[in-house]
Amino acid sequence: MPKGIIAIFILLIFYIGKSQEPPKSFTVKYIEGKIQPDGILDETVWQIAEGPEDFHQYFPSDSTMAEQQTQIKMLYNSTTLFIGIKGNAAGPNYNTRSLQRDFRGGGIDQITLVFDTFNDATTAFLFGINPFGVRREGLIANGGSDGGDFTTSWDVKWRGDATIHEDYFVAEMAIPLTSLKFKEGTKKWRFNSYRLDMQTNERTTWTKIPQNQPIFSLAFMGDMVFEKGLGKSRTPLALIPYVNGIASKDFENNETANSFRVGGDAKIAVGNSLNLDLTINPDFSTVEVDNFITNLTRFEVALPERRQFFVDNNDLFGSFGGGRDANPFFSRRIGIAQDTAGNTIENRIIAGARLSGKLNNNLRLGFLNIQTEEDEGNEIPSNNNMMLALQQKVFSRSNVGFFFINRQAINAARFLPEDEEFNRVVGIDYNLASADNSWIGKAYAHKSFQPDDSEGNYSLGFNLGKNTRNLSAIVDVVSIDEEFNSDLGFIRRKDIFKVAKILEGRIWPVKGKINRYEGQVFSVVTWRPGLDFLYSDYNLSVSAGAVFNTLEEVQLAFEKRFVFLTDEFEPTGKDGALPLPANTGYHFNNIGMRFASDQRKLFSYRIAPNYGEFFNGNRFSIESSFNLRFQPKMEIGLNMQYDHIGLPEPFSNTDIWLISPRVNITFNKALFWSTLVQYSNQRDNLGINSRLQWRFAPLSDLFIVYNDNYFVNSFMPRSRSINLKLTYWLNI
């Protein structure tokens, strides 16, 4: 690795960050009574309340006060935090996607409150509501440095509603203190709030945030000071049992199966700061299905975790290493295996436990242990999957993390060779984040162990980035041994030494229709150490674009690539097609553009055509998405991708289609129906997933889920199932 870059990174380990202006603050007053969160604010006690006001504009400018101001008031008693909100607006014509909980995305009116209850600028709880009274809650991890640090998959009980008036809306929220984690006796939380106002086309924040930083960044927050210290959290024991009846048919093997499953989860508070999650015979049949992806690469694609059991404090487990190249823990590996034919199938989880949270203000703990079922017919042993993670905060927002992973097969000799009986990985990470988030970086060293295999097997890397208003730069260096292995991780490639560099520039016009001009140069060079440092891959992309004040976006890009194939590769996916030969290098270039329309409109779209060379041939592709809202109750979407690959004789040509229409209907705030159809001739599958959900009590649901899959070419049925599932959240 270049010595100069290493020296700079070592110096920045001790960089605490420049001083910032004193934080804004307000006092949360204590009351004895209760407030009904009906969105009216008619209780006289609100007259004594203080709270955030004087919001700053974040978009289209970050140098002025908000045009449409927001006033927030807060009160609390021994059990509940009460929040009253008044948002001024140009009129009553608000945007929403639906009436379903956990909304996300731009182009809709909303206000969100962020609570850093441990004052660590690393993790936070998020609660949001829109003018229609639709609620969401979420978690922010890793300081809120990018979109991957934000999830709305976390669920907790709280109440809230809103009312719409001629030129403002009012919202009221009641959040049980037991829904949050904090240190007993604390008198201060860090706080910020951001609002999206689509009528004025304005995004605003209470604490000023520069536009080159995420709007939910935890580096920019004020203080909420409680009139007296908070008591013990006293989080109740939550039991979440389920029953599920499933009827299914496998048309390929002419097999019919009917089953009745019972299981559930439990959430137990350990002190004020730790969560213990338990699961027995979990069922994930009602989790939102994955989107199909057209994959024209030689490598696996990582898909996001959607299962509720793995969500809380997931950053403690899943943020080690490099997310793109060498993530040692990827929770989707658990409960998934391969049958004797190499097909990916479900491997049932018998039971599991997760302990996660704070040991003190600066030290976080994560422990996970999950047992999967033996599947004799598919020669899959029962596996115990364990991970221990510790994360110690250092300086203002940085941390040092340690982990140990163990995957141990039970009675392995019946199914596995001796060298696959277990897999263990140990590692340490340093995560750099300056006080104002202008410097970010990571350095890590991981090592894997398997039976009779303890030499080498390293995964090493570091990255360093600087982000200013007009310029951003990142350097990323990764080295992964050929024998490094993490059975519970996502390792995209092994035997690589990779250097990536990104340089981004931004110009902010003072006036006019353009919010900002953007340009980027991105390069990646990869060598293969195990092949005498063979020059394996090179990618250079140059792009330029603009973001309009009316939210349209346009971008043009040029990409230059080199790939040396060390193994045969057939990119079209056609049966019997002749693969491209190994030990051959290919140079190919392409150009592309992307346009996104104004998301505020009832009809919006994105389109991205691309044309150029592809290995020894050509490729034309076009990706598009269309969205139509009949607000507030119905949304129709359509995603399409078309790829034409033309290779010279004797290689193949093909047309690859991926078409995914979606319909979401929210009859009211408790009854939702969503249907997703996915057609992929690359997968030879037409899939239909239709889900009716009735939320008959807080976080308690009745689901009816219908799945149907067909072969594309013959349009013959492949598999079909319907299941009825009841789940109930019970606090004790």
Side-chain angles (χ1 to χ4, degrees), residues 55-62 64-70 85-112 128-136 147 150 152 162 164-171 193-205 209 211 214-216 508-509 511-518 545-555 594-608 623-639 662-666:
F55 273 54
H56 295 265
Q57 198 174 90
Y58 173 83
F59 179 93
S61 169
D62 59 6
T64 65
M65 301 301 292
E67 181 178 335
Q68 298 293 343
Q69 280 291 337
T70 305
I85 301 168
K86 180 184 177 183
N88 296 331
N93 301 314
Y94 300 102
N95 280 359
T96 185
R97 296 190 184 279
S98 70
L99 297 176
Q100 188 167 4
R101 191 167 175 154
D102 288 340
F103 56 84
R104 188 172 183 181
I108 60 175
D109 288 274
Q110 55 178 283
I111 184 165
T112 296
I129 196 166
N130 71 12
F132 297 87
V134 181
R135 292 172 287 154
R136 70 170 178 174
F150 181 112
T152 57
I164 294 174
H165 304 267
E166 183 61 30
D167 56 357
Y168 65 94
F169 74 91
V170 172
S193 175
Y194 62 87
R195 178 184 166 197
L196 277 59
D197 175 17
M198 295 299 101
Q199 296 178 78
T200 311
N201 191 23
E202 184 179 53
R203 303 175 193 178
T204 59
T205 64
I209 300 178
Q211 272 192 304
I215 197 170
F216 49 82
W508 309 84
K511 57 183 178 179
K513 297 181 178 180
I514 305 296
N515 174 262
R516 64 184 180 274
Y517 296 97
E518 298 178 327
V547 177
F548 292 78
N549 288 326
T550 48
L551 300 185
E552 291 93 348
E553 299 180 20
V554 63
Q555 184 185 75
R594 181 177 65 89
F595 177 79
S597 71
D598 186 348
Q599 297 180 62
R600 297 174 299 163
K601 304 296 185 182
L602 295 179
F603 175 73
S604 61
Y605 63 94
R606 296 174 183 264
I607 187 166
E623 296 182 43
S624 59
S625 64
F626 306 90
N627 201 75
L628 179 62
R629 300 198 311 268
F630 299 90
Q631 64 178 40
K633 294 189 176 183
M634 185 174 180
E635 183 179 36
I636 299 174
L638 175 64
N639 292 335
R662 178 191 295 268
V663 178
N664 292 323
I665 301 175
T666 54

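When reading the values below, keep in mind they use all heavy atoms of this one structure, side chains included, and skip hydrogens, waters and symmetry mates.
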Whether Tyr94 and Phe169 hold their rings parallel, tilted or perpendicular, with breakpoints at 30° and 60°
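Perpendicular, since the angle between the ring planes exceeds 60°.
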To check you understand the geometry: which heavy-atom pair defines the closest contact between [X] and [Y], and what is its length?
{"X": "Ile514", "Y": "Pro509", "answer": "O-CG, 3.6 Å"}
{"X": "Phe55", "Y": "Met65", "answer": "O-CE, 3.4 Å"}
{"X": "Gln211", "Y": "Asp62", "answer": "N-OD2, 2.9 Å"}
{"X": "Thr204", "Y": "Ala66", "answer": "CG2-CB, 3.4 Å"}
{"X": "Ile129", "Y": "Ala171", "answer": "CG2-CB, 3.8 Å"}
{"X": "Ile164", "Y": "Pro131", "answer": "CG1-O, 3.3 Å"}

| Should the pair Lys86 and Tyr168 be classed as cation-pi, given the thresholds of under 6.0 Å to the six-membered ring centre and 45° from the axis? |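 Yes, Lys86 lies over the aromatic ring of Tyr168.
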Can you tell if the side chain of [X] reaches within under 4.5 Å of the side chain of [Y], non-hydrogen atoms only?
{"X": "Asp197", "Y": "Arg203", "value": "no"}
{"X": "Thr70", "Y": "Ile111", "value": "yes"}
{"X": "Gln599", "Y": "Arg606", "value": "yes"}
{"X": "Arg195", "Y": "Thr205", "value": "no"}
{"X": "Trp508", "Y": "Asn515", "value": "yes"}
{"X": "Arg594", "Y": "Ile607", "value": "no"}

Measure the spacing between [atom1] of [X] and [atom2] of [Y] and express it to the nearest 0.5 Å.
{"X": "Met634", "Y": "Leu99", "atom1": "CE", "atom2": "CG", "answer": "13.5 Å"}
{"X": "Ser624", "Y": "Tyr605", "atom1": "OG", "atom2": "OH", "answer": "11.5 Å"}
{"X": "Asp598", "Y": "Met198", "atom1": "CG", "atom2": "CE", "answer": "9.0 Å"}
{"X": "Ser98", "Y": "Phe630", "atom1": "OG", "atom2": "CZ", "answer": "14.5 Å"}

Self-check item: Thr550 and Glu552: CA distance, side-chain angles, deciding distance, side-chain hydrogen bond (donor to acceptor under 3.5 Å, both in side chains) verdict
Solution: CA-CA 6 Å; Thr550 48; Glu552 291 93 348; 2.3 Å; yes
Using only atom types and a distance under 3.5 Å, with no angle test, would you say the side chain of [X] pairs donor to acceptor with the backbone of [Y]?
{"X": "Asn549", "Y": "Pro60", "answer": "no"}
{"X": "Glu553", "Y": "Ala596", "answer": "no"}
{"X": "Asn664", "Y": "Ile636", "answer": "no"}
{"X": "Gln199", "Y": "Gly91", "answer": "yes"}

* To do: Under the ring pair (Phe, Tyr, Trp, His ring centres under 6.0 Å) rule, what do Tyr194 and Tyr58 come out as? Steps first, then yes or no, please.
  => CA-CA 9 Å; Tyr194 62 87; Tyr58 173 83; 8.5 Å; no
Query raised in the report: Yes or no on side chain to side chain contact (heavy atoms under 4.5 Å, CB included) for Phe216 and Thr112, after CA distance, side-chain angles and deciding distance?
Result: CA-CA 9 Å; Phe216 49 82; Thr112 296; over 6 Å; no
Next item on the list: Return yes if a side-chain donor-acceptor contact under 3.5 Å exists between Arg136 and Gln110, otherwise no.
Entry: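 The criterion, which ignores hydrogens and geometry beyond distance, is satisfied for Gln110 and Arg136.
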Open item on the list: Looking at Phe603, I want to see if its CZ is surrounded by more than 12 non-hydrogen atoms of other residues, nucleotides or ligands under 6.0 Å.
Closed with: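 More than 12 heavy atoms, drawn from other residues, nucleotides or ligands, come within 6.0 Å of this atom.
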Arg600 vs Asn201, test: side chain to side chain contact (heavy atoms under 4.5 Å, CB included). Steps then yes/no. CA-CA 8 Å; Arg600 297 174 299 163; Asn201 191 23; 3.1 Å; yes
*Yes or no on side chain to side chain contact (heavy atoms under 4.5 Å, CB included) for Phe59 and Leu196, after CA distance, side-chain angles and deciding distance?*
CA-CA 9 Å; Phe59 179 93; Leu196 277 59; over 6 Å; no
Legend entry - Glu635 with Arg97: basic N within carboxylate O range, under 4.0 Å: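 A salt bridge is present here (some side-chain N lies under 4.0 Å from a carboxylate O).
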Checklist line | Full working for side chain to side chain contact (heavy atoms under 4.5 Å, CB included) between Phe150 and Thr152 | finding: CA-CA 7 Å; Phe150 181 112; Thr152 57; 3.5 Å; yes
Using the rule given for side-chain hydrogen bond (donor to acceptor under 3.5 Å, both in side chains), can you reason through Gln68 versus Glu202, listing the C-alpha separation, both sets of side-chain angles and the distance that settles it, and then say yes or no?
CA-CA 8 Å; Gln68 298 293 343; Glu202 184 179 53; over 6 Å; no
